[in-house]
Amino acid sequence: MTYKTILVHADLSPHAATRYALACQLALAHDAHLVGAAFTGLTQETYRNAAFAYGGVLSPTDVELVTSNSKQALDAFVAKADAAGTAYERRISDDDSETGMVLQARYADLLVLSQSDPELTGPNILYKLPEHLALHGGRPVLLVPYAVRYEHIDQHALVAWDGSRAATRAVTDALPLLRRSQRVTLAVFNAQTQYGTHGENPGADIALYLARHGVKVEVTQQHTPAGLDIGNALLSLAADIGADLLVMGAYGHQRWREIVLGGVTRRVLQSMTLPVLMAH
């Protein structure tokens, strides 16, 4: 697998420039075509809601404003892509971001988004776009943290391995990045509690699989006390080893259970301190 089309979300977020820069870097490294996509949100539902709430349609001024914002976001994307020298195209549509990104994800190998910043989005939609794309995009999602800037993601990758379908998908989707990483650590947490999931040597089989794809892996067994938040333990391990990329499955267990009780995926979505590639 290679990345030949990379799709990056374009908006007016103060974190967009970091997202564009990383997307450009990846496009150059993988000789990929970069697509910047912005969305006005002017769907038929938007017009219906406006008619219901205000007794009329959206004013031309409102339409012009949201359209102008999307074009401005794409102008910033183009400036980054031109400076980087990568092949790119810009797209704008009247979808909402969730619907539009899912539709365009069908024609891309990798999606690049920013972690949701509660200072900008509010707590009620803290995970909305990244979570929606991870679950419904059908493609790996690379999330860029808003609190920390990373200039590269090719020095030390950390792979979270629990033997699940989601983790398997994430490892496979991350192969182009893992091959380029100078070092890869694969972590297995609490293997003794996952009877029948791992062999006699947890992590050995997936390490061999990766080795056959040209990825050298160091396996580490991690044990946490019962009830300890594995999401935080995973992020702590990433910091301890100096990882610049985390690869993990998204919602390897029932999504409703993670939403109600918390879980590794949601903890990482909330507290990530390094770029994270997620797949479901």
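- One side chain, Thr185 or His156, offers a donor N or O that lies under 3.5 Å from an acceptor on the other.
- Between Glu89 and His33, the side chains place a donor N or O and an acceptor N or O closer than 3.5 Å (distance only, hydrogens not considered).
- Taking every heavy atom of both residues into account, Ala10 and Ala73 meet most closely at C-CB, 3.9 Å.
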Legend entry - side chain to side chain contact (heavy atoms under 4.5 Å, CB included) assessment of Val141 paired with Leu277: CA-CA 6 Å; Val141 176; Leu277 184 142; over 6 Å; no
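- Looking at Ser181 and Asp154, their side chains never bring a donor and an acceptor atom within 3.5 Å of each other.
- Two residues are said to be in side-chain contact when any heavy atoms from C-beta on lie closer than 4.5 Å; Leu26 and Leu177 meet this criterion.
- Leu235 places a side-chain heavy atom less than 4.5 Å from the side chain of Ser271.
- In the hydrophobic cluster analysis, where Ile, Leu, Val, Met, Phe, Trp and Tyr join through side-chain heavy atoms closer than 4.5 angstrom, Ile206 is grouped together with Leu245.
- Summarising the geometry of Leu28 relative to Gly85, their closest heavy-atom pair is CD2-O, 3.8 Å, with the distance given to 0.1 Å.
- Closest approach of Ala38 to Ser70, counting heavy atoms only: CB-O, 3.7 Å.
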Inset, instruction - Could you walk me through whether Gln104 and Met101 pass side chain to side chain contact (heavy atoms under 4.5 Å, CB included), step by step? - result: CA-CA 5 Å; Gln104 297 196 35; Met101 286 293 288; 5.8 Å; no
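- Atom CZ of Arg91 sits about 9.0 Å away from atom CZ of Phe39, to the nearest 0.5 Å.
- Listed here is the closest heavy atom pair of Leu178 and Ala157: CD2-CB, 3.7 Å.
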Inset, instruction - Determine, stepwise, if the pair His223 / Phe189 fulfils side chain to side chain contact (heavy atoms under 4.5 Å, CB included). - result: CA-CA 6 Å; His223 303 281; Phe189 282 83; over 6 Å; no
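- A donor-acceptor contact under 3.5 angstrom links the side chains of Tyr88 and Asp82, judged on distance only.
- In this structure, the side chains of Leu22 and Thr18 stay at 4.5 Å or more apart for every pair of heavy atoms.
- Scanning both residues, Ala187 and Leu237, for their nearest heavy atoms gives CB-CD2, 3.7 Å.
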Inset, instruction - Could you please spell out the steps behind the salt bridge (Lys or Arg N to Asp or Glu O under 4.0 Å) verdict for Asp75 and Lys71? - result: CA-CA 6 Å; Asp75 287 343; Lys71 290 179 178 178; over 6 Å; no
Inset, instruction - Start with the C-alpha gap between Trp161 and Thr168, add the side-chain angles, then the distance that decides, and say whether side chain to side chain contact (heavy atoms under 4.5 Å, CB included) holds. - result: CA-CA 8 Å; Trp161 178 249; Thr168 302; 3.4 Å; yes
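- Remark: Asp162 CG to Met248 CE distance equals 8.5 Å, nearest 0.5 Å.
- Atoms CG and CG, on Asp11 and Asn69 in that order, are 10.0 Å from each other to the nearest 0.5 Å.
- A side-chain donor-acceptor contact under 3.5 Å links Asp109 to the backbone of Thr5.
- A single hydrophobic cluster is seen to contain both Tyr3 and Val171, as judged by linkage of ILVMFWY side chains at heavy-atom distances under 4.5 Å, directly or through other members.
- Judged purely by atom type and a 3.5 angstrom limit, Asp95 has no side-chain atom pairing as donor or acceptor with the backbone of Ser97.
- With Lys4 contributing its side chain and His30 its backbone, the two residues share a donor-acceptor pair below 3.5 Å.
- With a 4.5 Å cut-off on side-chain heavy atoms, Cys24 and Leu34 count as touching.
- Contact annotation: the side chain of Gln155 approaches that of His152 to within less than 4.5 Å [non-hydrogen atoms, C-beta and beyond].
- A donor-acceptor pair is defined here as one N or O able to donate and one able to accept, closer than 3.5 Å; no such pair exists between the side chain of Arg169 and the backbone of Ala279.
- Classification of the Tyr20-Phe77 ring pair by plane angle, with boundaries at 30° and 60°, yields perpendicular.
- A distance of 3.5 Å separates OG in Ser114 from CZ in Arg19, rounded to the nearest 0.5 Å.
- No single ILVMFWY cluster, assembled from side-chain heavy atoms under 4.5 Å apart, contains both Val276 and Tyr146.
- Arg139 places a side-chain N or O within donor-acceptor distance of the main-chain N or O of Arg106, the cut-off being under 3.5 Å.
- Between the side chain of Gln222 and the backbone N or O of Val188 there is no donor-acceptor pair closer than 3.5 Å.
- Checking Val144, Val35, Leu7 one by one against Val112, the side chain to side chain contact (heavy atoms under 4.5 Å, CB included) holds for a single residue, Val144.
- Looking only at side-chain heavy atoms (C-beta outward), Leu210 and Leu186 come within less than 4.5 Å of each other.
- By the 4.5 Å heavy-atom criterion applied to side chains, Leu110 and Pro140 are counted as neighbours.
- Using modelled atom types, one finds a donor on one side chain and an acceptor on the other under 3.5 Å when comparing Thr224 with Asn190.
- Residue Ala167 comes nearest to Ala160 through the heavy atom pair CB-O, 4.1 Å, listed as atom of the first residue, atom of the second, then distance.
- Here Met278 contributes atom CE and Leu142 contributes atom CG; the two are 10.5 Å apart, rounded to the nearest 0.5 Å.
- Ile241 and Val148 fall within the same hydrophobic cluster, defined by Ile, Leu, Val, Met, Phe, Trp and Tyr side-chain heavy atoms under 4.5 Å apart, directly or through other members.
- Using a distance-only test at 3.5 Å, with no hydrogens or angles considered, a donor-acceptor pair links the side chain of Gln115 to the main chain of Gln270.
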Could you tabulate the donor-acceptor pairs under 3.5 Å formed by side-chain atoms of residues 211-219, not counting sequence neighbours?
unit_1, atom_1, unit_2, atom_2, d
Glu218, OE1, Arg183, NH2, 3.2
Glu218, OE2, Arg183, NE, 3.0

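- With contacts defined as side-chain heavy-atom distances shorter than 4.5 Å, the pair Pro14/Leu120 qualifies.
- No donor-acceptor pair closer than 3.5 Å links the side chain of Asn201 to the backbone N or O of Ala204.
- Following chains of ILVMFWY side-chain contacts shorter than 4.5 Å, one cannot reach Val66 starting from Leu12, and the two form parts of different hydrophobic clusters.
- In this structure, CG in Leu274 is found 5.5 Å from CG in Leu246, a value given to the nearest 0.5 Å.
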